[in-house]
Amino acid sequence: RGNDGNRIGTRKMPRLQISLACWDYDRTRAIAEGSVQPEGIDVNYQNLFVEETFFRMLRNREFDAAEMSLSSYCVSLMRDTPAFIAIPVFPSRFFRHSCIFVSAKSGVREPKDLAGKRIGVPEYQMTAPVWIRGILQDEYGVDPASPEYWSGGEEEPGRDEKLKLDLPAKFRVKPIGPAQTLSQMIAAGEIDALHTARAPSTFYSQPAAVKRLFGDFVEVEKAYYRKTKIFPIMHTLVIRRELYEANRWIAQSLFKAFVQAQRRTYDHLNTTMANATMLPWQAAHVEEARRELGEDWWPYGVAPNRHVLDTFLRYHHEQGLSKRTLSVEELFAPETLESFRV
């Protein structure tokens with residue numbers, strides 16, 4: 001009460017307003033729609049394709065938080081003053097054996113044939129090619145330094161690396177011509193193969209000219225998981241470091257919200273009274289995912305992903321993208337490394 005005996009009203013603290021850029025994933029939709037709200041935060045969710053989000057965040061830091069390529073984030077940590085800090089949320093995971101394409105003119109028939117070849121990459125530092133090069137090295141003995149890499153736009157000319165790279169001399173990376181695209185080059189046989197996140201348009205328009213290296217990629221990827229227990233992580237969620245430093249609590253708040261949103265997706269997919277997706281055999285897909293990868297087949301957090309992250313960080317260093325092998329703890333806000341227990 002005040003000196004006059006009247007009750008003093010409790011002042012309500014304002015909620016933090018943040019912008020968040022992320023694609024329209026089923027596992028993040030509850031945050032986009034507002035049915036899951038991070039504690040103390042109002043989210044302006046901007047649904048953008050990943051290429052736009054990455055470009056705008058890495059070049060101009062336009063958002064308070066954003067989905068980000070795991071590789072690009074690791075490259076950014078090599079700067080004197082890193083711009084971002086991540087939380088262990090992984091909106092995108094993808095087995096990448098299906099994303100190795102070869103030209104019918106290349107003579108490439110099996111993975112070992114890629115040694116010494118001309119391989120296209122939209123960007124050398126992209127997460128998908130990092131995983132592909134690492135898998136080819138570990139599983140098939142293809143030295144990542146053996147091929148010659150040609151980088152540039154897959155469907156549109158003029159794409160550059162979003163981050164400046166300082167690679168060891170043994171890695172040969174060259175830009176394609178200003179009017180060229182990787183999609184046309186692989187069809188014409190001007191490059192032998194393509195490591196990418198998106199299937200090139202010529203894979204569909206010129207199927208005789210562009211093939212997958214692994215035609216039976218689903219079975220190959222299942223065998224890879226059974227052997228390694230690795231479901232490759234593609235993207236994480238980053239926060240502008242100055243915002244995080246001023247509000248350390250937001251790392252845990254966002255992490256909890258993303259976990260809650262993902263749990264809702266698990267519940268939807270587990271429902272068998274009606275299909276939550278347009279997949280005719282959704283129940284069979286879910287049962288197969290559970291059988292092959294476990295109940296929590298898309299885990300968030302550090303502990304269940306440590307071996308996946310350790311493998312990626314080794315690849316990142318071996319391929320010249322990080323000056324030393326980063327530790328998992330360096331990637332994420334310390335508040336998210338462990339949780340309280342009752």
Side-chain angles (χ1 to χ4, degrees), residues 27 69-71 74 88-102 108-117 119 121 124-147 149 193-199 211-236 262 266 269 279 281 284-322 325-329 331:
R27 45 218 172 261
S69 152
L70 181 59
S71 176
C74 291
V89 165
F90 311 112
S92 177
R93 307 178 81 120
F94 208 113
F95 291 106
R96 290 297 181 186
H97 296 73
S98 66
C99 299
I100 307 171
F101 297 90
V102 297
V108 173
R109 298 291 179 266
E110 54 185 320
K112 68 178 183 179
D113 297 336
L114 291 169
K117 296 295 188 180
I119 297 178
V121 287
Y124 179 82
Q125 63 84 32
M126 276 177 60
T127 305
V130 173
W131 274 112
I132 290 169
R133 291 189 294 264
I135 291 168
L136 288 170
Q137 171 186 259
D138 281 2
E139 303 301 317
Y140 304 99
V142 180
D143 184 347
S146 169
Y149 299 100
L194 175 61
H195 297 169
T196 183
R198 288 178 179 263
K211 306 284 187 181
R212 279 194 171 101
L213 177 62
F214 297 102
D216 58 342
F217 64 88
V218 174
E219 293 307 314
V220 173
E221 290 169 352
K222 287 179 185 176
Y224 169 76
Y225 181 80
R226 291 168 190 153
K227 176 182 177 182
T228 66
K229 301 303 179 187
I230 290 174
F231 183 8
I233 291 169
M234 296 294 130
H235 305 162
T236 187
Q262 188 209 36
Y266 273 136
L269 292 174
L279 296 173
W281 294 280
H285 290 310
V286 171
E287 289 170 10
E288 182 180 39
R290 255 200 228 108
R291 184 172 61 251
E292 294 285 345
L293 284 75
E295 290 293 323
D296 185 11
W297 67 82
W298 198 295
Y300 289 173
V302 168
N305 290 291
R306 183 173 291 275
H307 71 298
V308 180
L309 293 163
D310 280 338
T311 300
F312 179 81
L313 295 174
R314 172 170 63 85
Y315 290 163
H316 205 259
H317 175 57
E318 290 173 346
Q319 295 172 27
L321 289 164
S322 43
T325 304
L326 291 161
S327 70
V328 172
E329 284 73 19
L331 270 59

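All values below come from the heavy atoms of this structure, side chains included, with hydrogens, waters and symmetry mates left out.
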Practice item. Could you pull out all residues at least two apart from Asp296 that satisfy salt bridge (Lys or Arg N to Asp or Glu O under 4.0 Å)? Key: Arg263
Review point. Looking at residues at least two apart in the chain, or sitting in another chain, which of them share a salt bridge (Lys or Arg N to Asp or Glu O under 4.0 Å) with Asp143?
Key: none
Point to revise | Intermediate values then yes/no, side chain to side chain contact (heavy atoms under 4.5 Å, CB included), Glu110 and Phe214 | key: CA-CA 8 Å; Glu110 54 185 320; Phe214 297 102; over 6 Å; no
Review point. How long is the gap from CG on Leu293 to CD on Glu288, to the nearest 0.5 Å?
Key: 9.0 Å
Review point. Does a donor on one side chain and an acceptor on the other come within less than 3.5 Å for Tyr315 and Asp138?
Key: yes
Review point. Can a donor-acceptor pair be found between the side chains of Gln125 and Gln319 at a distance below 3.5 Å?
Key: no
Practice item. Measure the spacing between CD1 of Ile233 and OG of Ser69 and express it to the nearest 0.5 Å. Key: 12.5 Å
Check your understanding: Relative to each other, are the rings of Phe231 and Phe95 parallel, tilted or perpendicular (30° and 60° limits)?
Key -> parallel
Revision key, fill the gap. Heavy-atom nearest pair, Arg133 first then Pro144, reads O-CG, 4.2 Å
**Study point:** Qualifying residues under salt bridge (Lys or Arg N to Asp or Glu O under 4.0 Å), relative to Arg109, sequence neighbours excluded
**Key:** none
Check your understanding: What closest approach, in Å, do Lys112 and Val142 show between heavy atoms, and which atom pair accounts for it?
Key -> CA-CG2, 4.0 Å
**Study point:** Spatial distance of atom CH2 (Trp131) from atom NE2 (His97) [nearest 0.5 Å]
**Key:** 10.5 Å
**Study point:** Side-chain donor/acceptor of Asn305 to backbone N/O of Pro299, under 3.5 Å
**Key:** yes
**Study point:** Check: Trp298 side chain, Phe90 main-chain N or O, donor-acceptor pair, under 3.5 Å
**Key:** yes
**Study point:** Carboxylate-amine/guanidinium contact Glu318 Arg314, below 4.0 Å
**Key:** yes
Practice item. Kindly say whether Leu70 contributes a backbone atom to a donor-acceptor pair with the side chain of Thr236 at under 3.5 angstrom? Key: no
Review point. How would you list, by chain and number, every residue that makes a side-chain contact (heavy atoms from CB on, under 4.5 Å) with Ser92, sequence neighbours excluded?
Key: Tyr25, Glu67, Met234, His235
**Study point:** Cationic N near anionic O, under 4.0 Å, Arg96 to Glu221
**Key:** no
Exercise for review: Would you confirm whether Arg212, through its side chain, and Cys99, through its main-chain N or O, come within 3.5 Å as a donor-acceptor pair?
Suggested key: no
Exercise for review: For Thr325 and Leu313, work out which heavy atoms get closest and say how close.
Suggested key: CG2-O, 4.0 Å
Review point. Crowded around Arg290 CZ? As in, over 12 foreign heavy atoms under 6.0 Å?
Key: yes
**Study point:** salt bridge (Lys or Arg N to Asp or Glu O under 4.0 Å) involving Lys229 - partner list, sequence neighbours excluded
**Key:** none
Review point. Which residues pass the ring pair (Phe, Tyr, Trp, His ring centres under 6.0 Å) test with Tyr266, sequence neighbours left out?
Key: Trp297
